[in-house]
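What follows is a short report on a single structure.
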Amino acid sequence: MNLASIPSPSTGVIELGPIPLRGYAFCIIIGVFVAVWFGNKRWIARGGKAGTVADIAVWAVPFGLVGGRLYHVITDYQLYFSEGENWVDAFKIWEGGLGIWGAIAFGAVGAWIGCRRRGIPLPAWADALAPGIAFAQAIGRWGNWFNQELYGKPTDLPWAVEISEGANRVAGTYHPTFLYESLWCIGVALLVIWADRRFTLGHGRAFALYVAAYCAGRAWIEYMRVDEAHHILGLRLNVWTAIIVFVLAVVYIVVSAKLRPGREEIVEPDWDTTPGKDSDKDGSAKAKDADAKDADAKDAADGEAQKDPLSKDEPGTGRTAESTEAAAEKG
């Protein structure tokens, strides 16, 4: 008998007149804003410029959404391409289904493009954004609560989540794995912030720490889930993914610390990447170089004149020393 439990929303959509506000999408959007806002504060603290994080996020976020959806559809293809299923549902991202592994991988590609256009190192940008991404995940997981999905095994614990009868689900109380992961992500964000201050992490190590810490929690939380998933050697696919990515992140931290200790001294070059201003700067730089060369040539000419006193005019006569001597000899 349950003395207490977490009720689930009766619907995942709030109708604002003709506009449907979906809880899942709302949580994702809020998470993105928090990640960009917090990442911008950390980027400025590292010596970067305000607005750079948002400019690069314009590339990273769309890539991340596409990658997250692709990972989900590929690993759960039976939900969309089996007999009796509608493949068009694969595009209904608002109904849930984003794989964090694909989102981070594709988001990194988008971020790399944005960083390359701005002339800044991707690892430094990723370090600044790492805790914000964890906070974003913590918020985004509540979208699963709105959709009544990604819960764990049945339980009568006081914090069990109530699940109503519906498609592919049975009414009851279950472990709120979305809540466990949300709290874990908050802990990961705080860990990265502390470690970054304590050990002055740089060259992508703060981001790698976020990845490793998240994977450590995702492995045991994934093990508790009861939704349909592919299994390899008795373990869910995402458990194996978490283990492999965890190992890679730890290896990166160790190797990077040996090859590139410390933190980047300069994270963003001090120039404006606006195309029009680039040409102006090039022109002004060339003009300054020409002025400098003219000044050097003039100084050299003055120096030669001082070395050869015979080439100077006699004061007040307008004649040179050579002409004076020739006149004396004639006389």
Side-chain angles (χ1 to χ4, degrees), residues 2-9 12 23-28 30-32 34-35 38 64 68 71-72 75-76 95-104 130-164 166 168-195 209-231 234-247 249-250:
N2 286 19
L3 299 178
S5 59
I6 302 173
S8 292
Y24 185 87
F26 181 74
C27 291
I28 296 296
I30 294 299
V32 169
V34 169
F38 194 67
Y71 181 89
H72 167 72
T75 56
D76 290 309
E95 293 183 355
L98 288 174
I100 185 61
W101 316 112
I104 294 296
I133 295 176
F135 282 131
Q137 287 180 256
I139 297 171
R141 271 305 174 203
W142 283 89
N144 302 127
W145 176 62
F146 280 98
N147 287 351
Q148 296 195 45
E149 59 187 4
L150 304 189
Y151 45 86
K153 300 174 182 178
T155 183
D156 58 358
L157 291 170
W159 55 84
V161 62
E162 299 176 9
I163 300 298
S164 61
N168 300 319
R169 65 175 187 247
V170 179
T173 55
Y174 300 85
H175 278 284
T177 51
F178 74 89
L179 175 60
Y180 299 160
E181 186 168 336
S182 178
L183 295 175
W184 183 270
C185 286
I186 293 175
V188 169
L190 297 177
L191 171 65
V192 173
I193 293 172
W194 171 81
L209 176 60
Y210 145 72
V211 172
Y214 171 75
C215 290
R218 178 62 184 266
W220 67 265
I221 295 172
E222 183 74 21
Y223 186 77
M224 297 179 64
R225 284 167 48 173
V226 295
D227 53 303
E228 186 178 356
H230 297 286
H231 288 72
L235 291 178
R236 293 167 65 97
L237 174 61
N238 282 334
V239 174
W240 283 110
T241 304
I243 293 173
I244 294 172
V245 176
F246 172 83
V247 172
V250 172

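These figures come from a predicted structure and were not determined experimentally. Just so it is clear, the values below take in all heavy atoms, side chains as well, and ignore hydrogens, waters and symmetry mates.
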### Message
With heavy-atom distances below 4.5 Å as the criterion, would you say the side chains of R236 and D227 are in contact?
### Response
yes
### Task
Identify the heavy atoms of L191 and A213 that sit nearest to each other, and give their distance.
CD2-CB, 4.0 Å
### Message
Measuring only between side-chain heavy atoms, which start at C-beta, is I133 closer than 4.5 Å to I104?
### Response
yes
### Message
When you measure from the side chain of H230 to the backbone of T75, do you find a donor-acceptor pair of N or O atoms at a distance under 3.5 Å?
### Response
yes
### Nearest-0.5 Å distance, CG of residue N144 to CD of residue E149
4.5 Å
### Query
Does Q148 use its side chain to pair, donor to acceptor, with the backbone of P9 at less than 3.5 Å?
yes
### Message
Walk me through whether E181 and Y214 qualify under side chain to side chain donor-acceptor pair (under 3.5 Å).
### Response
CA-CA 9 Å; E181 186 168 336; Y214 171 75; 2.7 Å; yes
### Query
To the nearest 0.5 Å, how far apart are OH in Y24 and CZ in R141?
7.0 Å
### Query
If we only count heavy atoms from C-beta on, is the V32 to I30 side-chain gap below 4.5 Å?
no
### Task
Locate the shortest heavy-atom distance separating A35 from G132; write the atom from each residue and the value.
CB-O, 3.4 Å
### Query
Side chain of W142, backbone of F178: donor and acceptor closer than 3.5 Å?
no
### Message
Using a 3.5 Å distance criterion without hydrogens, assess whether the side chain of T155 forms a donor-acceptor pair with backbone atoms of H175.
### Response
no
### Message
Tell me whether Y180 at atom OH has more than 12 heavy atoms from other residues, nucleotides or ligands lying less than 6.0 Å away.
### Response
yes
#### Entry: Rounded distance (nearest 0.5 Å) linking atom CG of D76 with atom CD of E228
7.0 Å
### Task
Report the C-alpha distance between V161 and I163 in whole Å, list the side-chain angles of each, state the deciding distance to 0.1 Å, and finish with yes or no for side-chain contact (heavy atoms from CB on, under 4.5 Å).
CA-CA 6 Å; V161 62; I163 300 298; 4.2 Å; yes
### Task
Using the six-membered ring wherever Trp is involved, compare the ring planes of W220 and W184 and label them parallel, tilted or perpendicular (cut-offs 30° and 60°).
perpendicular
#### Entry: S5 OG to W159 CH2 distance, which is reported to the nearest 0.5 Å
12.5 Å
#### Entry: P131 to A189 - nearest heavy-atom pair and separation
O-CB, 3.6 Å
### Task
Please assess L98 against H72 for the test side-chain contact (heavy atoms from CB on, under 4.5 Å), listing each intermediate value before the final yes or no.
CA-CA 6 Å; L98 288 174; H72 167 72; 5.9 Å; no
### Message
Is any side-chain heavy atom of C215 closer than 4.5 Å to one of I243?
### Response
no
### Ring centroid separation F135 to F38 under 6.0 Å
yes
### Query
Are any of the side-chain heavy atoms of N238 and Y71 separated by less than 4.5 Å?
yes
### Query
Does a side-chain heavy-atom distance below 4.5 Å link M224 with I221?
no
### Query
When you look at R218 and V188, which way does the side-chain contact (heavy atoms from CB on, under 4.5 Å) test go after all the steps?
CA-CA 11 Å; R218 178 62 184 266; V188 169; over 6 Å; no
### Donor-acceptor contact below 3.5 Å, side chain T241 vs main chain L237
yes
### Query
With distance as the sole test, does R169 use its side chain to make a donor-acceptor pair with the main-chain N or O of S164 at under 3.5 Å?
yes
### Task
For the residue pair F246 and V211, establish whether any side-chain heavy-atom pair is separated by less than 4.5 Å.
no
### Least distance between heavy atoms, C185 atom then A134 atom
CB-O, 3.3 Å
### Query
Between the side chains of Q137 and Y210, does any donor sit under 3.5 Å from an acceptor?
yes
### Message
I139 vs V34, test: side-chain contact (heavy atoms from CB on, under 4.5 Å). Steps then yes/no.
### Response
CA-CA 9 Å; I139 297 171; V34 169; 3.7 Å; yes
### Task
Kindly indicate whether the side chain of T173, heavy atoms from C-beta on, has any atom under 4.5 Å from the side chain of P154.
no
